Amino acid sequence: MVMLFPMMGGEITPIVVGFAIGFLFGTQVYSNVSRRTVVMIICLCIVGASLFQAPVFTWSLIGGYITDGLSFAAPFISATIGILLGWAVRGGK
Amino acid sequence: MIELTLQFLSFMASALLILIGIAGMLFLDNLIKKIIAFTLLSDGVNLALVSLGYFEGGVVAILTPGTSVAEFPQNAVLIFGPGIVLTNIVIGVSTTAVLVALTMVLYKRYGTLKASKVLKGERK
Amino acid sequence: MIDAVMTVAYIMVIGVAVGAVAALLQKDLLRAVFLSGAESIALAFIFQALLAPDLGLTQAIVGTVLLPGIIILGIFKTRRKDEDD
Amino acid sequence: MEMKELRGSRGVLAAVALLIIFIGVTVAFVQLNGNVARGISPEYNRLAHLQQPNSLSAWVYDWRGFDTLIETGVIYVGAVVSVLVIGRGLVRMKQVEGEEPVPQTSLDLKIGSVNAILKYFIFPLVILLAAYGILIVTGAATSGGGGFQCGVVVASAYLIGAVFFGKKNPLNFRRKFLIAIGSFGWALYALLGLPGYLVTGYWQYNVGTDLWSSIAGFPAQIPSILHTIFGDPYRLALVLKGGTFYSTAGIVPLINIGEAFNVIGAICLIFLVFIYGWSDTEEAKA
């Protein structure tokens with residue numbers, strides 16, 4: 001972890017933007033799947049985030065970087081959560 | 001004697017694709033196949049533009065952690081071709097969509113996909 | 001110097017040409033579209049080998065999902081076989 | 001042209017013409033082979049240490065912003081023309097008045113027994129594909145990818161949902177929503193050129209990064225307030241071999257978002273009108 005502060009902007013902004021866009025798309029989701037599927041989506045999303053790795057030039061824990069070889073794409077997780085939340089708030093069955 | 005590098009082979013493949021595309025657009029009778037030939041032609045042009053900038057031992061023109069700043073500009077491949085090709089792909093998609101839509105209208109009017117019958121103008 | 005990526009790229013150069021010819025020789029239009037999608041995948045591999053990875057990503061998605069999708073939707077609204085009469 | 005017309009002299013002429021084209025193209029390519037100058041450009045060589053990470057997007061947006069602006073326009077025009085041709089409108093104009101529009105039957109792909117298991121996995125796939133598209137557009141300034149890639153990924157998620165679920169598409173983009181985000185995206189893309197134009201006189205000048213201020217003779221200096229607005233949220237540290245550089249992508253991420261919205265709107269509109277048509281019943285149902 002090199003010098004946390006100056007980089008925080010570049011790591012937090014994608015997460016927030018991803019959440020916002022995900023929420024926007026989530027309001028258009030219409031489906032009537034069970035709660036089990038939602039849990040499965042979240043698990044698959046975390047697995048996928050570890051597959052995609054953190055974006056390049058991400059060096060702190062906020063961006064999902066843990067060690068070399070183990071890192072999570074934080075915007076992916078926040079986008080998935082945004083879609084699910086938007087579905088819960090404004091979407092339909 | 002020309003060396004069979006990847007760049008040379010890509011140029012040959014793109015020349016072949018352009019030839020196939022032109023021949024298909026001119027000589028095939030089916031409208032859908034003409035559209036497929038059109039996508040092949042644009043693929044060939046894209047391949048030619050991309051292989052323009054490649055050279056042996058180059059690096060991808062994106063800065064990644066640990067790159068040497070001094071050597072990067074000399075080693076990176078020419079970025080000009082890919083910049084154009086990205087636009088080209090987009091335009092290809094929208095053109096194809098318009099072509100398919102027009103084909104559907106032609107089929108509705110003439111009941112056939114053969115260009116020769118459409119040109120004769122026999123309504124269904 | 002021949003490594004794995006280059007070998008795959010050389011194979012894919014042949015695959016592009018073969019796929020393009022085979023796509024236009026089909027009687028079944030759906031099969032022609034799928035073959036042109038295979039040609040696009042090979043082209044995406046060549047883009048990767050030519051050091052343009054974002055173009056490879058774009059070409060892989062556009063060539064296998066978008067363009068065949070549009071053309072297949074057109075085929076569903078018209079007719080599938082190339083008429084021969 | 002039919003195949004049987006090609007027998008005889010016309011066929012020979014066609015073959016000769018194709019041969020001439022092929023020889024011309026091949027000779028041109030052989031001359032080009034290996035004779036292209038290396039490196040990116042003299043300007044880039046001078047400015048590499050001031051550059052933002054993804055040099056492709058730097059090229060596209062600093063130099064060729066107009067080109068991509070027109071490209072976003074082209075894809076939107078493509079969507080509009082598809083709507084006009086397939087839906088009502090162009091087809092029902094004047095001289096073809098008595099004609100009904102193209103049949104508006106929805107695409108009902110009966111994939112036999114697409115059973116519950118398939119649908120059980122297709123819904124997560126659609127959601128995760130859309131999230132992947134968002135990941136691409138948020139990381140666009142630091143890696144390969146960008147607005148158009150995000151747009152096509154989300155559009156393919158929409159297509160997959162439409163093919164497997166028919167009218168009960170989980171990613172059920174409405175017409176009005178698509179038109180809204182498409183227009184918003186294009187407006188965002190075009191209007192983000194304004195700050196650069198007001199300050200330096202170049203439309204779509206990359207304000208946050210401010211590449212050219214260090215060059216002698218550049219017309220204007222950027223006020224620092226613009227740097228703060230456009231640059232700071234995307235501030236990054238590049239740990240390269242020569243040391244650590246602090247850099248920002250400027251307005252490139254915002255422009256990417258605009259282009260992504262535009263492409264999503266346009267391509268999903270094309271798919272929507274191809275699959276469901278543009279009839280009024282669709283809107284009444286939803």
Side-chain angles (χ1 to χ4, degrees), chain A residues 2-34 36-38 40-45 47-49 52-60 63 73-84 87 91-92, chain D residues 53-54 119-121 123-145 150 154 157-158 161 165 167-174 177-178 180-181 231-240 244 246-249 253-254 256-257 260-261 264 268 286:
Chain A
V2 222
M3 281 184 67
L4 190 65
F5 179 68
M7 291 166 286
M8 264 167 58
E11 295 177 3
I12 290 176
T13 316
I15 299 177
V16 176
V17 169
F19 181 80
I21 301 178
F23 191 87
L24 184 64
F25 291 165
T27 57
Q28 300 292 313
V29 173
Y30 280 77
S31 183
N32 50 353
V33 293
S34 60
R36 244 183 340 173
T37 315
V38 176
M40 193 175 93
I41 288 175
I42 293 175
C43 297
L44 279 178
C45 144
V47 173
F52 293 140
Q53 299 279 328
V56 232
F57 302 118
T58 300
W59 297 99
S60 73
F76 186 69
I77 298 177
S78 78
T80 313
I81 292 174
I83 289 179
L84 293 177
W87 176 33
Chain D
N54 186 350
K119 287 197 174 184
Y120 194 72
F121 281 108
F123 178 69
L125 177 69
V126 169
I127 297 292
L128 291 180
L129 260 184
Y132 178 55
I134 297 171
L135 169 68
I136 288 178
V137 76
T138 52
T142 52
S143 65
C150 160
V154 175
Y158 178 78
F165 287 87
K167 283 202 168 183
K168 293 178 199 152
N169 189 352
L171 210 59
N172 194 0
F173 288 144
R174 306 263 183 76
F177 178 78
L178 289 178
I181 66 169
D232 273 348
Y234 294 96
R235 194 167 176 80
L236 279 171
L238 318 182
V239 185
L240 304 181
T244 303
Y246 293 101
S247 169
T248 134
L254 294 172
N256 269 323
I257 290 171
F261 274 18
I264 290 170
C268 289

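Given the structure is predicted, the values throughout are model-derived calculations rather than measurements. Chain naming here is simple, since letters A, B, ... match the order of the sequence lines and numbering starts at 1 in each. Only this structure's heavy atoms are used, side chains among them; waters, hydrogens and symmetry mates stay out.
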Go through the atoms of [X] and report whether side chain, backbone, both or neither lie under 4.5 Å from a heavy atom of chain D.
X	result
A:I21	both
A:I15	neither
A:V33	side chain

Worksheet entry | Which atom of A:L44 lies closest to which atom of D:P124, heavy atoms considered | CD1-CB, 4.2 Å
Fill in: Minimum heavy-atom distance A:P14-D:T138, with the two atoms named
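Of all heavy-atom pairs spanning A:P14 and D:T138, the closest is O-CG2, 3.6 Å.
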Supply the atom-to-atom distance [X] [atom1] to [Y] [atom2], rounded to the nearest 0.5 angstrom.
X	Y	atom1	atom2	result
D:F121	A:M40	CZ	CE	5.0 Å
A:S78	D:L135	OG	CG	9.0 Å
D:Y132	A:C45	OH	SG	14.0 Å
A:Q28	D:I181	CD	CD1	8.0 Å

Fill in: Student check: side-chain heavy atoms of D:L171 and A:Y30 closer than 4.5 Å
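No. Closest side-chain heavy atoms not under 4.5 Å.
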Discussion item. Over 60° means perpendicular and under 30° means parallel, so tell me whether A:F25 and D:F261 are parallel, tilted or perpendicular.
Written reply: tilted
Worksheet item: Are the side chain of A:T13 and the backbone of D:P233 linked by a donor-acceptor contact shorter than 3.5 Å?
Response: yes
What part of [X] is in contact with chain A, defined as an atom under 4.5 angstrom from a non-hydrogen atom: side chain, backbone, both or neither?
X	value
D:L125	neither
D:F177	side chain
D:I134	side chain

Worksheet item: Could you go step by step and tell me if A:V29 and D:N172 meet the side chain to side chain contact (heavy atoms under 4.5 Å, CB included) rule?
Response: CA-CA 6 Å; A:V29 173; D:N172 194 0; over 6 Å; no
Discussion item. For the interface with chain A, which of D:G133, D:P253, D:A260, D:A131 has the highest count of heavy-atom pairs at distances below 4.5 Å?
Written reply: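 Of the options given, most contacts go to D:A131.
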